[in-house]
Amino acid sequence: MADMEETGGVSAYGAALAGGGFDFYKFIRQPQTIVRFLSWIFAMVVFACITGEGYVNTPYEAEAKCIFNHNDSACHYAVGIGVIAFLACVAFLVLDVYLPFMSNAEERRFAVVADLGFSGVWTFLWFVCFCLLASQWSKTPDDHSIPKDAARATIAFSFFSIATWGILTYFALGRFRHGVKDVAIPTYTETVPDIATPYPPTYAPTSYNPTTYTPTTYTAYPSNLPDIQQQPPLAQNLPPKVDAGYQPPSY
């Protein structure tokens with residue numbers, strides 16, 4: 001986000017516009033990516049320490065108890081917060097990779113708001129986790145069977161997680177306030193054509209002079225003329241024509 005603002009590039013919610021490609025080396029060098037990766041490591045350390053060495057049993061008890069003052073709720077809370085934070089870091093890393101490929105500004109806004117809300121909530125939950133573990137550890141009796149290094153590492157990385165998730169909240173808030181920079185989002189409204197706008201000189205229509213059409217005057221056909229196609233009436237009882245020079249032969 002800082003690089004985009006320094007160079008004055010066109011961006012939307014802290015990421016370059018869609019179609020610019022993905023630079024892996026630039027992505028892993030971003031402060032947000034580094035802090036998110038640290039949050040992923042801290043969350044893994046917290047739940048790994050508790051699941052690995054967070055439950056011990058005394059020689060007088062067969063059931064294993066939480067190392068934090070035998071309060072199983074404290075261990076369950078820390079494991080739950082750590083596992084969800086671990087998965088969320090992976091999901092938001094993938095979202096950070098996919099964010100520059102989102103062409104819709106509203107989709108980017110939803111992604112940034114989700115990051116902002118989750119980071120803010122988990123900053124508070126890590127603070128509660130740190131206070132709970134530190135309080136229960138201070139009440140834990142001194143017992144040589146308790147792995148103190150695992151307990152102290154859990155408390156320490158819970159405190160570090162408060163800082164990293166707080167920084168992620170700050171970055172997400174900065175991207176949300178950044179919004180859309182130097183981008184005109186089309187509204188896709190159909191514009192009404194301007195009929196009064198003259199034609200450009202290149203495509204000016206040629207002048208058209210319509211000719212006056214004069215209809216042809218036709219004279220009426222006279223009805224008193226004889227019908228040349230009319231045949232004469234047939235003669236009735238005409239005698240047959242006989243050749244005068246013809247003599248019948250004598251036998």
Side-chain angles (χ1 to χ4, degrees), residues 1-48 51 76-132 157-190:
M1 180 179 64
D3 295 338
M4 293 296 300
E5 292 180 356
E6 289 176 1
T7 57
V10 180
S11 62
Y13 291 97
L17 298 182
F22 176 73
D23 189 352
F24 176 75
Y25 295 101
K26 182 179 180 181
F27 174 75
I28 61 177
R29 291 195 302 265
Q30 290 179 353
Q32 183 176 358
T33 305
I34 297 174
V35 176
R36 203 180 294 280
F37 185 72
L38 291 176
S39 300
W40 178 75
I41 295 177
F42 295 164
M44 181 173 57
V45 170
V46 169
F47 75 79
T51 55
H76 293 163
Y77 179 83
V79 170
I81 295 299
V83 170
I84 296 176
F86 176 84
L87 298 176
C89 287
V90 176
F92 281 111
L93 278 173
V94 175
L95 187 62
D96 290 340
V97 174
Y98 181 67
L99 187 66
F101 296 96
M102 294 182 181
S103 58
N104 192 342
E106 287 296 326
E107 293 180 357
R108 294 192 179 193
R109 180 178 178 274
F110 292 150
V112 172
V113 169
D115 186 13
L116 175 61
F118 188 89
S119 300
V121 171
W122 243 248
T123 302
F124 173 75
L125 294 180
W126 275 120
F127 175 76
V128 174
C129 182
F130 168 76
C131 294
L132 177 62
F157 283 98
S158 297
F159 177 78
F160 296 155
S161 296
I162 300 173
T164 55
W165 283 94
I167 296 173
L168 290 176
T169 304
Y170 172 76
F171 286 155
L173 181 61
R175 289 199 299 178
F176 179 76
R177 290 181 175 178
H178 180 79
V180 180
K181 179 182 179 182
D182 297 334
V183 179
I185 302 178
T187 57
Y188 299 101
T189 57
E190 185 178 358

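Nothing fancy with the numbering, it's 1 onward along the sequence. The shown structure was predicted, so the numbers you read here are calculated from the model rather than taken from an experiment.
- Of all heavy-atom pairs spanning A78 and V46, the tightest one is O-CG1, 4.0 Å.
- Listed here is the closest heavy atom pair of A43 and G82: CB-O, 3.4 Å.
- When each of W165, F160, F159, F157 is tested with F130 by the rule ring-ring contact (aromatic ring centres under 6.0 Å, His included), just one qualifies, namely F159.
- Pairs of residues two or more places apart, or lying in two chains, that qualify as side-chain hydrogen bond (donor to acceptor under 3.5 Å, both in side chains) and include a residue from residues 34-46 are R36-D96, R36-D115, S39-T164.
- No donor-acceptor distance shorter than 3.5 angstrom exists from the side chain of S119 to the backbone of L116, with no hydrogens or angles considered.
- For S161 (side chain) and F42 (main-chain N/O), no donor-acceptor pair under 3.5 Å exists by modelled atom type.
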Stepwise side-chain contact (heavy atoms from CB on, under 4.5 Å) test for F92 and F118: CA-CA 10 Å; F92 281 111; F118 188 89; 3.7 Å; yes

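- Counting non-hydrogen atoms of other residues, nucleotides and ligands closer than 6.0 Å to CZ of F127 gives a total of 12 or fewer.
- No side-chain donor-acceptor contact under 3.5 Å links T33 to the backbone of I28.
- From L125, atom CG reaches atom CD1 of I162 across 10.5 Å, with rounding to the nearest 0.5 Å.
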Verdict with reasoning, W126 to S158, per side-chain contact (heavy atoms from CB on, under 4.5 Å): CA-CA 6 Å; W126 275 120; S158 297; 3.9 Å; yes

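- Atoms CZ and CZ, on F24 and R29 in that order, are 10.5 Å from each other to the nearest 0.5 Å.
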T169 and W122: CA distance, side-chain angles, deciding distance, side-chain contact (heavy atoms from CB on, under 4.5 Å) verdict: CA-CA 9 Å; T169 304; W122 243 248; over 6 Å; no

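- Once rounded to the nearest 0.5 Å, the distance linking CD of Q30 with OH of Y25 reads 15.5 Å.
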Derivation of the side-chain contact (heavy atoms from CB on, under 4.5 Å) call for L95 and M102: CA-CA 10 Å; L95 187 62; M102 294 182 181; 3.8 Å; yes

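- Here the shortest heavy-atom pairing between G166 and T123 reads N-OG1, 3.3 Å.
- The two residues R109 and F176 make their nearest non-hydrogen contact at NE-CE1, 4.3 Å.
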